[in-house]
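First up is the structure itself, then whatever we jot down about it.
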Amino acid sequence: MKETADVVVIGAGIMGLSIAYQLARRSRLNIVVLEKDERVAAGSTGASSSILRHRYSFDEMVQLARDGITSYREWSRFTRLARPRAEFRHAGVLWMLGEDTAWADKEQHRLAELEVETSVLDDTALRQRFPSLNACVIAPDVVAGKAHLCRGGGRHLLEIDGGYIDPVAAVEDLLEACQRESVAVRFGVTVAKVLTDDEKVTGIATADGVELPAPWVINAAGPWCNRILAQLDVPFPWTLTPTRIQVLYVDRPHDVQLPVPVCLDMVGGIYFRPQNRGAQIVLGSTLIDDEREVVENPDNFQRKPDTDFETARLHALHHRFPTWPYRGKVRGYCGMYTVNQEDFHPLVGATALPGFIVAIGFSGHGFKLAPAIGSLIAQLLTGGSLGDDTRVPPGFLSVDRTPLTLATKSVLA
Ligand SMILES: Cc1cc2nc3c(=O)[nH]c(=O)nc-3n(C[C@H](O)[C@H](O)[C@H](O)COP(=O)(O)OP(=O)(O)OC[C@H]3O[C@@H](n4cnc5c(N)ncnc54)[C@H](O)[C@@H]3O)c2cc1C
């Protein structure tokens with residue numbers, strides 16, 4: 001007898017497996033996840049810095065981030081794994097805005113209304129909490145590294161319950177949880193085509209020509225999502241571009257004291273977070289200019305970071321930690337994520353083709369949001385809800401929305 005499924009999910013990244021798991025937690029649907037690679041997290045997810053921060057411009061995004069991060073904080077409860085591989089690292093997320101001294105207090109008030117706990121730190125409080133961190137509000141010269149006289153006086157926002165988690169370990173946990181719930185996850189299977197009749201989705205065909213009938217197909221193919229969209233005759237008025245993103249790893253010098261928070265340093269245009277229990281720092285950019293390099297072919301792009309990227313980010317890191325050398329051996333890599341050029345926010349939910357669902361265009365936001373996005377889609381497909389489901393209205397990220405209006409289109413949207 002020919003195999004059938006109720007739901008086919010394309011892609012075993014954090015999104016595909018979160019969706020599959022959220023569906024399986026509340027239904028007896030026959031769910032099949034198809035992954036073209038031989039392992040989980042082969043796309044954006046494996047390269048993710050996996051920073052779990054709450055603050056976004058839109059309240060709905062704060063809620064989705066909060067709900068996603070709650071799942072990561074309670075990972076063993078959420079996955080129902082007694083000993084999960086991944087563990088939430090409760091480092092706090094520090095926003096350093098520089099000379100804007102009004103922002104932190106305003107955001108603290110807004111986030112409190114959304115049940116996100118924060119502290120506002122002045123220079124003294126910052127030094128007590130993170131002794132090695134320079135509180136300077138003046139932008140560093142990241143090109144030549146010319147020194148300036150540092151000046152404090154800023155007000156910095158600390159998200160108490162922010163942090164990070166190992167992205168690959170988290171996805172491996174989700175794979176185990178999905179398999180326990182009888183989700184079939186198949187590796188080395190490329191979806192070549194979404195099958196339709198005149199009105200709706202009828203299943204998928206693989207690159208090997210195998211057909212799998214199903215009334216629901218979910219595109220969670222990350223930077224490859226356009227290949228799935230391109231072969232369908234569905235109106236899709238959004239431009240999604242796979243984009244090359246550079247990340248560095250640097251060893252922490254012994255005289256830089258722990259703790260080091262997750263930090264979004266708007267003054268130096270960098271973000272960083274601890275890694276390997278603080279032995280290293282993961283270092284990246286918050287600048288829009290570093291999110292412009294379109295990847296034409298997601299199967300083949302430059303994985304090595306650029307020298308000028310390394311130099312500029314190391315100068316900015318040196319500014320925050322003055323004893324941190326701005327020269328020396330640096331490791332790094334490039335991943336890619338899918339930028340929605342219209343409004344930098346993802347597209348989640350039903351399309352004009354009945355049965356065809358998308359969860360794509362996540363930019364640098366997708367990791368933290370994934371459990372909540374899985375919840376949105378599972379509620380949509382099953383009509384059922386669980387106590388820990390997100391309550392954000394599904395229309396907020398829908399394909400037929402009007403693009404959101406943003407002050408700045410960047411990863412910090
Ligand atoms: C460098 C970097 C840093 C980031 N930092 C953060 C951060 O700090 N915080 C945060 O929240 N987010 C961050 N992100 C974003 C986040 O990682 C992504 O939004 C998220 O991982 C997207 O997950 P996904 O499952 O949608 O995509 P992917 O992980 O790309 O998964 C898609 C999967 O689909 C598979 N696939 C594609 N086409 C097919 C097909 N036709 N058939 C079968 N399988 C297919 C691919 O092989 C892949 O495994 C970062 C991303 C990068 C690259």
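Throughout, numbering of the chain's residues begins at 1 and tracks the sequence. Both ligands and their constituent atoms are indexed starting at 1 by order of listing.
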If we ignore hydrogens and angles and just use 3.5 Å, is the side chain of [X] paired with the main-chain N or O of [Y] as donor and acceptor?
| X | Y | value |
| --- | --- | --- |
| Q341 | T239 | no |
| N30 | T4 | yes |
| W238 | V399 | yes |
| Y21 | G374 | no |

Q: Walk me through it: do R26 and Q22 pass the test side chain to side chain donor-acceptor pair (under 3.5 Å)?
A: CA-CA 7 Å; R26 73 196 69 212; Q22 288 282 23; 2.9 Å; yes
Please could you name the atoms of ligand 1 that [X] approaches to less than 4.0 Å, counting only its heavy atoms?
| X | value |
| --- | --- |
| K368 | 9 (N), 10 (C), 11 (O) |
| I228 | 41 (N) |
| I14 | 20 (C), 21 (O), 23 (O), 25 (O) |
| F362 | 19 (O) |
| M336 | 53 (C) |
| V189 | 42 (N), 43 (C) |
| P223 | 30 (O) |
| V247 | 1 (C) |

Q: Could you establish whether S363 and ligand 1 come within less than 4.0 Å of each other, counting only heavy atoms on the residue side?
A: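 Checking ligand 1 against S363, which is what was asked, there is a heavy-atom contact under 4.0 Å.
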**Q.** 4.0 Å heavy-atom contact, I360 with ligand 1
**A.**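 I360 does not count as a contact of ligand 1 under the 4.0 Å cut-off.
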Taking 4.0 Å as the limit for heavy-atom contacts, which would you say applies to [X] with ligand 1: side chain only, backbone only, both, or neither?
| X | result |
| --- | --- |
| H365 | backbone |
| C225 | neither |
| L34 | backbone |

Have [X] and [Y] got a donor and an acceptor in their side chains that come within less than 3.5 Å?
| X | Y | answer |
| --- | --- | --- |
| S49 | Y164 | no |
| S375 | Q379 | yes |
| W75 | D173 | yes |

Q. How long is the gap from NE2 on H90 to CD1 on I160, to the nearest 0.5 Å?
A.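 Answer for the NE2-CD1 pair, H90 versus I160, is 7.5 Å.
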(Q) Considering both backbone and side-chain atoms of I10, is one of its nitrogen or oxygen atoms within less than 3.5 Å of a nitrogen or oxygen in ligand 1? (A)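 In fact, backbone or side chain, I10 has no N or O that close.
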